[in-house]
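Shown next, in structure tokens, is the structure this report addresses.
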Amino acid sequence: MAAHGFKPLRHLSGGEIRTSEYTIDTTYSTAIYTGDPVKLVADGDIELAAAGNVILGIFQGVSYKKSDGEVVFTKHWPGAVSSGTDIVALVIDDPMVTYSVWDDGDSDYLTAADIGTCADHVAGSGSTTTGLSGDMLDTSDASNSQAGFKILRKVNRPGNDFGSANGDQVEVEVYVNEPFLA
């Protein structure tokens, strides 16, 4: 299993999956990776969302102009690009998009009984090599109460099964349960 954060799967109405453009403050020092949930902050910029935050959408990369005029597109925001300008972050903010994500594989593994319940995400370590998020679904809080993501089903592929013992992991399809744009 290789964590990839929240990877877009499909649009629930059959529409296209599209990104919207947002900004990131040049002094924002926290890294954001493709597949990370993000939130909208008071000045209209985006920042990394923590569990329990209202989620704007899922980060898909960023472009900015370096001080020498070179325009860079990268799958992750490295944090505090103080010499960068014209920052454009791409975010899937449509609440009708579903995502595949791995559960965190702790002692409270997901079973078929967890379909239809909600869970928050747990932060993981993103990769500067691939630009992908390390975030996963937090199985220890999967319940019928409100949380950031709703579990729809397991991703249908060979060898992807619900857990039966501590440490088992399953890749599931989810959607943002408490979206900013709903």
Side-chain angles (χ1 to χ4, degrees), residues 3-13 15-102 104 118-138 140-141 145-151 173-182:
H4 50 61
F6 292 83
K7 184 166 77 173
L9 278 180
R10 65 188 175 103
H11 195 283
L12 288 171
S13 72
E16 285 186 45
I17 298 173
R18 295 186 172 120
T19 58
S20 295
E21 296 180 351
Y22 292 91
T23 56
I24 302 173
D25 189 293
T26 58
T27 61
Y28 183 64
S29 61
T30 302
I32 308 173
Y33 296 89
T34 293
D36 277 344
V38 294
K39 65 182 180 178
L40 195 63
V41 294
D43 62 3
D45 291 335
I46 62 162
E47 294 181 358
L48 189 64
N53 289 151
V54 173
I55 297 168
L56 170 67
I58 305 298
F59 184 81
Q60 297 297 297
V62 63
S63 67
Y64 57 92
K65 189 184 297 183
K66 293 171 43 176
S67 59
D68 64 3
E70 177 187 4
V71 176
V72 175
F73 177 81
T74 180
K75 290 183 178 183
H76 79 284
W77 170 254
V81 180
S82 58
S83 63
T85 60
D86 302 330
I87 299 166
V88 178
L90 301 176
V91 175
I92 299 171
D93 59 5
D94 185 339
M96 296 294 287
V97 174
T98 70
Y99 303 90
S100 69
V101 64
W102 286 95
D104 63 357
C118 301
D120 282 319
H121 66 285
V122 61
S125 297
S127 168
T128 57
T129 304
T130 65
L132 296 179
S133 170
D135 285 8
M136 295 184 199
L137 201 64
D138 187 0
S140 60
D141 73 354
S145 64
Q146 292 291 60
F149 296 91
K150 174 134 345 225
I151 302 167
E173 182 177 2
V174 301
Y175 66 87
V176 178
N177 187 50
E178 298 174 327
F180 179 82
L181 293 180

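Side chains are part of it too, since the values below use all heavy atoms of this structure and drop only hydrogens, waters and symmetry mates. Because the structure is predicted, anything quoted here is derived from the model rather than measured.
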Answer whether the closest heavy-atom distance between the side chains of [X] and [Y] falls below 4.5 Å.
X      : Y      : value
Ile58  : Pro37  : yes
Thr30  : Tyr28  : yes
Asp94  : Leu181 : no
Pro95  : Val176 : no
Val38  : Tyr22  : no
Glu178 : Cys118 : no

**Asked** For the residue pair His121 and Phe149, does the interplanar ring angle fall in the parallel (under 30°), tilted (30 to 60°) or perpendicular (over 60°) class?
**Response** perpendicular
**Mutual orientation of the aromatic rings belonging to Trp77 and Tyr64 [parallel < 30°, tilted 30-60°, perpendicular > 60°]** = perpendicular
Looking only at non-hydrogen atoms, find the nearest pair between [X] and [Y] and report the distance.
X      : Y      : value
Ala123 : Asp135 : CA-OD1, 3.3 Å
Arg10  : Glu173 : NE-OE2, 2.6 Å
Lys65  : Gly69  : CG-O, 3.6 Å
Ile24  : Ile87  : O-CD1, 3.3 Å
Ala119 : Asp138 : CB-O, 3.6 Å
His11  : Val97  : CD2-CG2, 3.9 Å

**Item:** N/O donor-acceptor pair under 3.5 Å between Asn177 side chain and Gly148 backbone
**Value:** no
What's the separation between atom [atom1] in [X] and atom [atom2] in [Y], rounded to the nearest 0.5 Å?
X      : Y     : atom1 : atom2 : answer
Lys7   : Thr34 : NZ    : OG1   : 12.5 Å
Asp36  : Ile55 : CG    : CD1   : 10.5 Å
Leu137 : Phe6  : CG    : CZ    : 5.5 Å
Thr129 : His76 : OG1   : NE2   : 9.0 Å
Glu21  : Ser63 : CD    : OG    : 7.5 Å
Asp120 : Asn53 : CG    : CG    : 9.0 Å

**Request:** Identify, with sequence neighbours excluded, every residue that meets ring-ring contact (aromatic ring centres under 6.0 Å, His included) alongside Phe59.
**Result:** none
**Message:** My understanding is that only residues two or more places apart in sequence, or in another chain, count here; which of them pass ring-ring contact (aromatic ring centres under 6.0 Å, His included) with Tyr99?
**Reply:** none
**Asked** Do other residues, nucleotides or ligands put more than 12 heavy atoms under 6.0 Å from the NZ atom of Lys150?
**Response** yes
**Message:** Checking Thr98 against Leu12 for the side-chain contact (heavy atoms from CB on, under 4.5 Å) test, could you report, in this order, the C-alpha distance in whole Å, the side-chain angles of both residues, the deciding distance, and whether it holds?
**Reply:** CA-CA 7 Å; Thr98 70; Leu12 288 171; 3.6 Å; yes
**Residue pairs involving residues 40-61 (criterion salt bridge (charged side-chain N to carboxylate O under 4.0 Å, His left out); sequence neighbours excluded)** = none
